[in-house]
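This structure is a prediction, so every number in the text was calculated from the model and none was measured. What's counted below: heavy atoms across the whole structure, side chains too, no hydrogens, waters or symmetry copies.
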Amino acid sequence: MKDATVAERPRLPGFSVADDGFLRDPFLLSKRAHEEAPIFFDDQTNSWMITKYQDVAAVLSDYQTFSSRAVGRIPVPAKLASRAADFVKDEIIFAIDPPEHTLARATIQNGFARKIIDSMAGYAAIAADEIIDSVIDSGEGNMIEICYAFSMRVITQMLNLPKEYSADYRRWAEALFALLVPKKLDSDEVITTHLSAQQIEARWTDLADAGAFLRETVLERQKNPGGDLISAMIMARDANGNAIDPGAVVRHSLSLITAGFDTTATLLAHLILHFTRNPDQLALLKADPSLANNAVEEGLRRQGSTLTLFRIATKDVTLHDHLIPRGSLVCALIPAANLDADMFSDPARFDIRRINANRHLGLGRGRHACAGQPLVRVEAPIGLRKLYERMPDLRIDLDKPIEYMPAFGALTVTSMPAVWSPR
């Protein structure tokens, strides 16, 4: 089959992954895609959008055909190259393939051992109480910021990083995300960026600061390892006895901070939003708190934090009679997959008793499935139960706007006004 010309490729008019309507609720546009163009070419990202559940699952599971090396970083300004040396390489955990990914993945999973995750449950409950204590008397607040404070407290505890630098960790994590862009196959050339030269320099300065702080931390843990996630990465070895490079530990540590605070925070905020919109489901949760675990799975399905996962075709491949040439960007549209009626009945409905809610792709699939998902599944139900135990009438103020910011790959909430009765 010959590749269609660019003009002949299927499109979905009106689609944009950065569209405010899609960010607020991806259902209607996802439904349109499933019916009109389950695979289509998106000119904005220069990629093939994959929307059906089975297709997305197949793309994410086949790293040999669909490489994760589709993601690169905007090049560092020359004057910052030496200061940001640990981040100049593109070897971040979610943008590499085996064999490099194998050791990195095993190293991180070593830190997410069951005994470490189980030990975090008690701390998560304490952290939730502390965060709630700090806001409960106000009777109102930005739900996403409350959730960010909670999830940041938990991930920094796992890494054994001082809590007083939380604002810096978040700034550095945001810089890491901002500098990620699609890149070409067999090339370091990036495809597009919306950042100005001044913004690029500012973000790379943030990464240089992160590198200096985390490199010092890694070197200290090499001398005095403990029971934390950074120490676990340092002590991990592959089958040949090889340790991970300290620079990689620095990169993976910031990747974990980034994913650790954002994933759970966005999930929790949207759970509160969907419970506000669906009081019958909140009544079910309050009558049976054990439903919190499945509520988390349904939240990840209905509106989790991941929007897109980019891959790059390493060879010509045909999907739904469309030839995707080697070197093409392929975008797994996660919300669309999770709202596929062929997989989930009545997909728009938020149903915390949904039997197959845990089949969602909100935490990825295959080799690049979220390494921290055991923590999400322990931390998020605890946060959810604590919020409603301490603030039983907590709700999102639907009369005020919820604000989103377009971001590469992730659903980014900037404002979600919430109200509750002060104690």
Asker: Please name all residues satisfying salt bridge (charged side-chain N to carboxylate O under 4.0 Å, His left out) with E35, sequence neighbours left out, ordered by chain then number.
Answerer: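 K31.
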Asker: Can you confirm whether I131 sits close enough to L387 that some side-chain heavy atom of one is under 4.5 Å from a side-chain heavy atom of the other?
Answerer: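 Counting from C-beta outward, I131 and L387 never come under 4.5 Å.
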Asker: If only atom types and distance count, is the side chain of E298 paired as donor or acceptor with the main-chain N or O of D351 below 3.5 Å?
Answerer: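 Present.
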Asker: Salt bridge check, R11 against D42: does any charged N sit closer than 4.0 Å to a carboxylate O?
Answerer: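 Judged by the 4.0 Å cut-off on N to carboxylate O distance, D42 and R11 do not form a salt bridge.
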Asker: Under 3.5 Å, is there a donor-acceptor pair between the side chain of R203 and the main chain of I74?
Answerer: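 No, R203 side chain to I74 backbone: no donor-acceptor pair under 3.5 Å.
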Asker: Hey, does I50 have a side-chain heavy atom less than 4.5 Å from the side chain of L333?
Answerer: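 No, side chains not in contact.
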Asker: Give, for atom OH of Y404 and atom CE of M416, the distance between the pair rounded to the nearest 0.5 Å.
Answerer: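 One finds 4.5 Å between OH of Y404 and CE of M416.
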Asker: Answer yes or no: is there an ion pair linking E297 with R377, defined by an N-O contact shorter than 4.0 Å?
Answerer: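 Yes, this pair counts.
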Asker: For the CE atom of M143 and the CD1 atom of I272, what is their distance to the nearest 0.5 Å?
Answerer: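 Nearest 0.5 Å value for the CE-CD1 distance: 5.0 Å.
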Asker: Are any of the side-chain heavy atoms of T51 and V56 separated by less than 4.5 Å?
Answerer: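 A side-chain contact under 4.5 Å is absent here.
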Asker: Please check if atom CZ in R359 has more than 12 non-hydrogen atoms from other residues, nucleotides or ligands closer than 6.0 Å.
Answerer: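 No, CZ of R359 has 12 or fewer neighbouring heavy atoms, counting only those of other groups under 6.0 Å.
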Asker: Checking R9 against F41: charged group under 6.0 Å from the ring centre and within 45 degrees of the axis?
Answerer: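 Positive - R9 is close enough to the ring of F41 and near enough to its axis.
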Asker: Looking only at the aromatic ring of each residue, does the gap between the centers of Y148 and F261 stay below 6.0 angstrom?
Answerer: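 When the ring centroids of F261 and Y148 are compared, they turn out to be within the sub-6.0 Å range.
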Asker: With side chains defined as the heavy atoms from C-beta onward, is the minimum distance between L291 and R353 less than 4.5 Å?
Answerer: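 Yes, close enough: below the 4.5 Å cut-off.
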Asker: Is the backbone of A175 close enough, under 3.5 Å, to the side chain of W204 for a donor and an acceptor to pair up by distance?
Answerer: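 It does not hold such a pair.
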Asker: If we only count heavy atoms from C-beta on, is the L23 to L411 side-chain gap below 4.5 Å?
Answerer: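 Sidechains of L411 and L23: in contact.
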Asker: Measure the CG-CG distance between L271 and L300 for me, rounded to the nearest 0.5 Å.
Answerer: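 Reported value, rounded in 0.5 Å steps: 7.5 Å.
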Asker: For S47 and L329, indicate whether the former's side chain and the latter's backbone hold a donor-acceptor pair under 3.5 Å.
Answerer: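 Absent.
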Asker: Do the side chain of H360 and the main chain of G362 share a donor and acceptor less than 3.5 angstrom apart?
Answerer: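 Indeed, once roles are kept as given, a pair shorter than 3.5 Å links the two residues.
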Asker: Treating D228 as the side-chain partner and Q157 as the backbone partner, does any N or O pair qualify as donor plus acceptor under 3.5 Å?
Answerer: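 No, D228 side chain to Q157 backbone: no donor-acceptor pair under 3.5 Å.
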Asker: If only atom types and distance count, is the side chain of T276 paired as donor or acceptor with the main-chain N or O of R395 below 3.5 Å?
Answerer: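 No: the side chain of T276 does not pair with the backbone of R395.
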Asker: Tell me, yes or no, whether the heavy-atom count around R171 atom CZ, taken from other residues, nucleotides or ligands under 6.0 Å, exceeds 12.
Answerer: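 More than 12 heavy atoms, drawn from other residues, nucleotides or ligands, come within 6.0 Å of this atom.
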Asker: Salt bridge between D62 and R311, side-chain N to carboxylate O under 4.0 Å?
Answerer: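 Salt bridge between D62 and R311, a charged N being under 4.0 Å from a carboxylate O: no.
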Asker: Over all heavy atoms of both residues, which pair between A210 and L254 is shortest? Give the atoms and the distance, please.
Answerer: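 The pair with the smallest heavy-atom distance is CB-CD2, 4.1 Å.
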Asker: Rounded to the nearest 0.5 Å, what's the gap from CG on L214 to NE2 on H252? Could you check?
Answerer: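 One gets 12.5 Å once the value is rounded to the nearest 0.5 Å.
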Asker: Are the side chains of S231 and Q222 in contact, using a 4.5 Å heavy-atom criterion?
Answerer: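 Not in contact.
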Asker: I want to know whether W172 and F213 have ring centres closer than 6.0 Å.
Answerer: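 Yes, the ring of W172 comes within the 6.0 Å limit of the ring of F213, centre to centre.
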Asker: Kindly give the heavy-atom pair with the smallest separation between F22 and V17, and that separation in Å.
Answerer: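 Where F22 meets V17 most closely, the heavy atoms are CD2-O, 3.7 Å.
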Asker: For I144 and S415, which heavy atoms make the closest approach, and how far apart are they?
Answerer: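 Answer, listing the atom of I144 first, then S415: CG2-N, 4.3 Å.
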Asker: If the threshold is 4.0 Å, N to carboxylate O, is there a salt bridge linking R326 and D316?
Answerer: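 Looking at R326 and D316, the cut-off is not met.
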Asker: Does any N or O in the side chain of S328 come within less than 3.5 Å of the main-chain N or O of A313, such that one atom is a donor and the other an acceptor?
Answerer: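 No: the side chain of S328 does not pair with the backbone of A313.
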Asker: Main chain of S345, side chain of R354: is a donor-acceptor contact present, judged purely on distance under 3.5 Å?
Answerer: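 Checking the backbone N and O of S345 against the side chain of R354, a donor-acceptor pair under 3.5 Å is found.
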Asker: Are E201 and K79 ion-paired here, with the side-chain N under 4.0 Å from a carboxylate O?
Answerer: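 A salt bridge is present here (some side-chain N lies under 4.0 Å from a carboxylate O).
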Asker: With the threshold set at 4.0 Å, does a side-chain nitrogen-carboxylate oxygen contact exist between R349 and D280?
Answerer: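 So R349 pairs with D280 through a salt bridge.
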Asker: Begin with the C-alpha distance, continue with both residues' side-chain angles, and end with the deciding distance and a verdict on salt bridge (Lys or Arg N to Asp or Glu O under 4.0 Å) for R170 and E145.
Answerer: CA-CA 11 Å; R170 182 171 173 180; E145 291 298 332; 2.7 Å; yes
Asker: Cation-pi check, R301 to F344: give yes when NZ or CZ is under 6.0 Å from the six-membered ring centre and within 45° of the ring axis, no otherwise.
Answerer: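 Output yes; distance and angle both within limits.
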Asker: Please report the shortest heavy-atom distance between P335 and L307, naming the atom on each side.
Answerer: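 That closest heavy-atom pairing would be CD-O, 3.1 Å.
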Asker: Which heavy-atom pair separates K386 from A125 by the least distance, and what is that distance?
Answerer: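 For K386 and A125, the tightest heavy-atom pair comes out as CE-O, 3.9 Å.
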Asker: Under 30°, 30 to 60°, or over 60°: which ring-plane class applies to F350 and H274, parallel, tilted or perpendicular?
Answerer: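 F350 and H274: parallel rings.
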Asker: What is the distance from atom NZ of K315 to atom CD1 of I324, rounded to the nearest 0.5 Å?
Answerer: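 It is 12.5 Å, given to the nearest 0.5 Å.
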Asker: Measure across A295 and L384 and return the closest heavy-atom pair with its distance rounded to 0.1 Å.
Answerer: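 The answer is CB-CD2, 4.2 Å.
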Asker: Please lay out, stage by stage, how T263 and L363 fare under the test side-chain contact (heavy atoms from CB on, under 4.5 Å).
Answerer: CA-CA 9 Å; T263 301; L363 295 173; 4.1 Å; yes
Asker: Check step by step if side-chain contact (heavy atoms from CB on, under 4.5 Å) holds for V330 and I312.
Answerer: CA-CA 6 Å; V330 175; I312 196 162; over 6 Å; no
Asker: Calculate, to the nearest 0.5 Å, the distance between atoms CD1 and CD1 belonging to I146 and I132 respectively.
Answerer: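 Between I146 CD1 and I132 CD1, I get 8.5 Å after rounding to 0.5 Å.
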Asker: Is the F275 ring parallel, tilted or perpendicular to the Y388 ring (thresholds 30°, 60°)?
Answerer: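 If you compare the ring of F275 with that of Y388, the planes turn out perpendicular.
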Asker: Does a side-chain N-to-carboxylate-O contact under 4.0 Å join R32 and E36?
Answerer: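 Judged by the 4.0 Å cut-off on N to carboxylate O distance, R32 and E36 do form a salt bridge.
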Asker: Crowded around E220 CD? As in, over 12 foreign heavy atoms under 6.0 Å?
Answerer: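 Result for CD/E220: enclosed.
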Asker: Output every pair passing salt bridge (Lys or Arg N to Asp or Glu O under 4.0 Å) with a member in residues 148-165, not counting sequence neighbours, ordered by first then second residue.
Answerer: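 Output for this query lists E130-R153.
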Asker: With the side chain counted from C-beta on, respond yes when M152 and I257 share a heavy-atom pair under 4.5 Å apart, and no when they do not.
Answerer: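 Side-chain contact under 4.5 Å: yes.
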Asker: Should L339 and M343 be marked as a side-chain contact (heavy atoms from CB on, under 4.5 Å) after you check the CA-CA gap, both sets of side-chain angles, and the distance that decides it?
Answerer: CA-CA 8 Å; L339 292 165; M343 183 64 191; over 6 Å; no
Asker: Can M120 and V378 be said to form a side-chain contact (heavy atoms from CB on, under 4.5 Å), step by step?
Answerer: CA-CA 8 Å; M120 291 303 299; V378 168; 5.5 Å; no
Asker: Okay, side chain of S196, backbone of Q199: is any donor-acceptor separation there less than 3.5 Å?
Answerer: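 Here the side-chain-to-backbone pair exists.
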Asker: Is there a side-chain contact between R73 and L207, using heavy atoms and a 4.5 Å cut-off?
Answerer: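 They are in contact (side-chain heavy atoms under 4.5 Å apart), so the answer is yes.
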